[in-house]
Amino acid sequence: MINKPVWDESILTGDGLFPTVLAIGDSWFWYPKNNLLNQLHKRLNRKKRHIILVRGHNGAKAVEYESGPIRTQIERDLDRKKGYGRTLKAVFLSGGGNDFAGRDDLGKLLLEDCSDAGSAAACLRSGQPRRLFNTVINALLSVVTLVEEKIPGTPVFVHSYDYPPPNGKGFLGLGQWLQFPMDEAGVDRALQQEVAKLLIDQFWLCLEEAQAKAPTLQLVDGRHTLKPEDDWANELHPTVRGFNRLAKCWRPALERTGTA
């Protein structure tokens, strides 16, 4: 009996089982032991029986869902004959965070020298983060379009991120996602949380614009959910309790679509 999300597809084929949810994501779906899908699986299976098959990988970027190996895989997964299109009831998407976090990606959004910036917006290059987020949203929408082509009417759930703390904490002690690149750009430590908040809020606005173009797109707003000191394990990943809090945010959308 499967009592958690499935990251190893051979478990399904060995037992002759088929997924009802295809989850395509980054570390929020893949982070070791502690991830959002563990909490969502518990909630989905309270009233109904769901099997979640997970695609993607730790560090996945949303643009990988539009082309390359991940795209090829999900095209096959959604196919009614070669994949699981006949049994899937929903698709979960987690992506965007890795497209703007980290030394290289966040560094491209920030001015080379932000030492004189008096606000979060003043730290960003002209046209950013909108230019980057347009690329991210287009990649996410490409999956929504693909789902609609393969299995029409199937809801696709996309979540926002909450406001991550730029505190230098990372996985296994290595934290270079937020604080480090902002320090390199000379962003005042007192402004760094505001920069992170601005990015997350702008990402949400872009998601709302995307929803207007795609009726099957279901948005889950996780902002203003986590406690900065207690619910974050590091700069990008919540604790188990944090992910449990975020899973609760999915309830309205899951129930509205009849998924849960």
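- The shortest side-chain heavy-atom distance between Thr257 and Phe157 falls under the 4.5 Å cut-off.
- The structure places CG of Asn35 at 11.5 Å from CH2 of Trp28, a figure rounded to the nearest 0.5 Å.
- Evaluation of the side chain to side chain contact (heavy atoms under 4.5 Å, CB included) rule for Glu208 yields Trp204, Leu205, Leu219 as partners, not counting sequence neighbours.
- Looking only at side-chain heavy atoms (C-beta outward), Arg125 and Glu112 come within less than 4.5 Å of each other.
- Gln192 places a side-chain N or O within donor-acceptor distance of the main-chain N or O of Val187, the cut-off being under 3.5 Å.
- Separation of atoms OG1 (Thr154) and CG (Leu78) is listed at 8.5 Å; rounding is to 0.5 Å.
- With hydrophobic clusters built from ILVMFWY side chains whose heavy atoms lie under 4.5 angstrom apart, Ile74 does not share a cluster with Val63.
- With hydrogens and angles disregarded, no donor-acceptor distance shorter than 3.5 Å links the side chain of Gln218 to the backbone of Ala253.
- For residues 144-160, the set of pairs meeting the salt bridge (Lys or Arg N to Asp or Glu O under 4.0 Å) definition, not counting sequence neighbours, comprises Asp79-Lys150.
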*asked:* Pair Asn167, Trp232 - check side chain to side chain contact (heavy atoms under 4.5 Å, CB included), show working.
replied: CA-CA 10 Å; Asn167 54 22; Trp232 287 93; 5.7 Å; no
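- In this structure, CZ in Arg76 is found 13.5 Å from NZ in Lys81, a value given to the nearest 0.5 Å.
- No side-chain heavy atom of Leu236 sits less than 4.5 Å from a side-chain heavy atom of Ser27.
- Of all non-hydrogen atoms in Gly25 and Phe29, the two that sit nearest each other are CA-CD2, 3.6 Å.
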*asked:* Please evaluate residues Arg71 and Ser142 with respect to the criterion side chain to side chain contact (heavy atoms under 4.5 Å, CB included), reporting the C-alpha separation (whole Å), side-chain torsions for both, the decisive distance (0.1 Å), and the verdict.
replied: CA-CA 10 Å; Arg71 177 65 175 211; Ser142 76; 3.0 Å; yes
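- In this structure, the side chain of Gln128 engages the main chain of Leu132 through a donor-acceptor pair within 3.5 Å.
- Between Leu36 and His159 the shortest side-chain heavy-atom distance falls below 4.5 Å.
- Counting only distance, with no hydrogens or angles, the side chain of Asn38 and the backbone of Lys4 share no donor-acceptor pair below 3.5 Å.
- Leu106 has its side chain within reach of Leu199: a pair of non-hydrogen atoms, C-beta onward, lies under 4.5 Å apart.
- Cluster membership check: Trp30 shares its hydrophobic cluster with Leu37, using side-chain heavy-atom separations under 4.5 Å among Ile, Leu, Val, Met, Phe, Trp and Tyr.
- Not a single side chain to side chain donor-acceptor pair (under 3.5 Å) links Arg80 to another residue, sequence neighbours left out.
- Contact between Leu178 and Glu235 at its shortest, heavy atoms only, is N-OE1, 3.0 Å.
- Pairs of residues two or more places apart, or lying in two chains, that qualify as salt bridge (Lys or Arg N to Asp or Glu O under 4.0 Å) and include a residue from residues 130-142 are Arg130-Glu209.
- Between Ile52 and Ala23 the shortest heavy-atom distance is CG2-CB, 3.8 Å.
- Side chain of Tyr31 to main chain of His237: no donor-acceptor pair is present (N/O by atom type, distance under 3.5 Å, no hydrogens or angles).
- Residues satisfying the side chain to side chain contact (heavy atoms under 4.5 Å, CB included) test with Thr87, not counting sequence neighbours, are Phe18, Pro19, Tyr84.
- For the pair Leu226 and Gly242, the tightest heavy-atom approach, listed with the atom from each and the gap, is CD2-O, 3.3 Å.
- For the ring-ring contact (aromatic ring centres under 6.0 Å, His included) condition, no pair includes a residue of residues 36-57, sequence neighbours left out.
- When the side chain to side chain contact (heavy atoms under 4.5 Å, CB included) test is applied to Ser115, the partners found at least two apart in sequence or on another chain are Asp113.
- Applying the ring-ring contact (aromatic ring centres under 6.0 Å, His included) rule to pairs touching residues 96-129 yields Phe100-Phe133, sequence neighbours excluded.
- Side-chain atoms of Arg55 never come within 3.5 Å of backbone atoms of Ile70 as a donor-acceptor pair (strictly under, hydrogens ignored).
- Using a 4.5 Å heavy-atom cutoff, the side chains of Pro181 and Leu109 are not in contact.
- Residues Leu22 and Leu217 fall within the same hydrophobic cluster, defined by Ile, Leu, Val, Met, Phe, Trp and Tyr side chains chained together at heavy-atom separations under 4.5 Å.
- Residues Thr216 and Val147 fail the side-chain proximity criterion, which asks for heavy atoms closer than 4.5 Å.
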*Given side chain to side chain contact (heavy atoms under 4.5 Å, CB included), test Thr20 with Leu44 step by step and report yes or no.*
CA-CA 11 Å; Thr20 59; Leu44 283 175; over 6 Å; no
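- Of all the heavy atoms in Leu111 and Ala185, the pair that sits closest is O-CB, 3.5 Å.
- A continuous path of ILVMFWY side-chain contacts below 4.5 Å connects Phe92 to Leu88, so both sit in one hydrophobic cluster.
- A donor-acceptor pair under 3.5 Å is formed between the side chain of Gln193 and the backbone N or O of Pro164.
- Every residue two or more places apart in sequence or in another chain was checked for a side chain to side chain donor-acceptor pair (under 3.5 Å) with Asp162, and none qualifies.
- Among residue pairs with one or both ends in residues 206-225, those qualifying as ring-ring contact (aromatic ring centres under 6.0 Å, His included) are Tyr163-His224; sequence neighbours excluded.
- Note on residues 85-105: pairs passing salt bridge (Lys or Arg N to Asp or Glu O under 4.0 Å), not counting sequence neighbours, are Lys61-Asp105, Arg103-Glu184.
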Side-chain donor/acceptor pairs under 3.5 Å, residues 243-251, sequence neighbours excluded:
from: Asn244; atom 1: OD1; to: Arg43; atom 2: NH2; distance (Å): 3.3
from: Arg245; atom 1: NE; to: Asp231; atom 2: OD2; distance (Å): 3.0
from: Arg251; atom 1: NE; to: Glu255; atom 2: OE2; distance (Å): 2.9

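- Distance check, rounded to the nearest 0.5 Å: CG of Leu12 to CD1 of Ile51 gives 6.0 Å.
- The distance from the CG atom of Leu141 to the CG atom of Leu146 is 12.5 Å, given to the nearest 0.5 Å.
- Proximity of Gln39 to Val240: side-chain heavy atoms (C-beta onward) are separated by under 4.5 Å at one or more points.
- Put simply, the side chain of Thr239 never gets that close to the backbone of Ala233: no donor and acceptor are under 3.5 Å apart.
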_What verdict does the side chain to side chain contact (heavy atoms under 4.5 Å, CB included) test give for Gln179 and Lys169, after you've listed the backbone C-alpha separation in whole Å, the side-chain angles of each residue and the deciding distance to 0.1 Å?_
CA-CA 9 Å; Gln179 187 182 84; Lys169 294 182 180 179; over 6 Å; no
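- Of all the heavy atoms in Gly96 and Ala62, the pair that sits closest is N-CB, 4.0 Å.
- Between the side chain of Asp188 and the backbone N or O of Ala117, no donor-acceptor pair lies under 3.5 Å.
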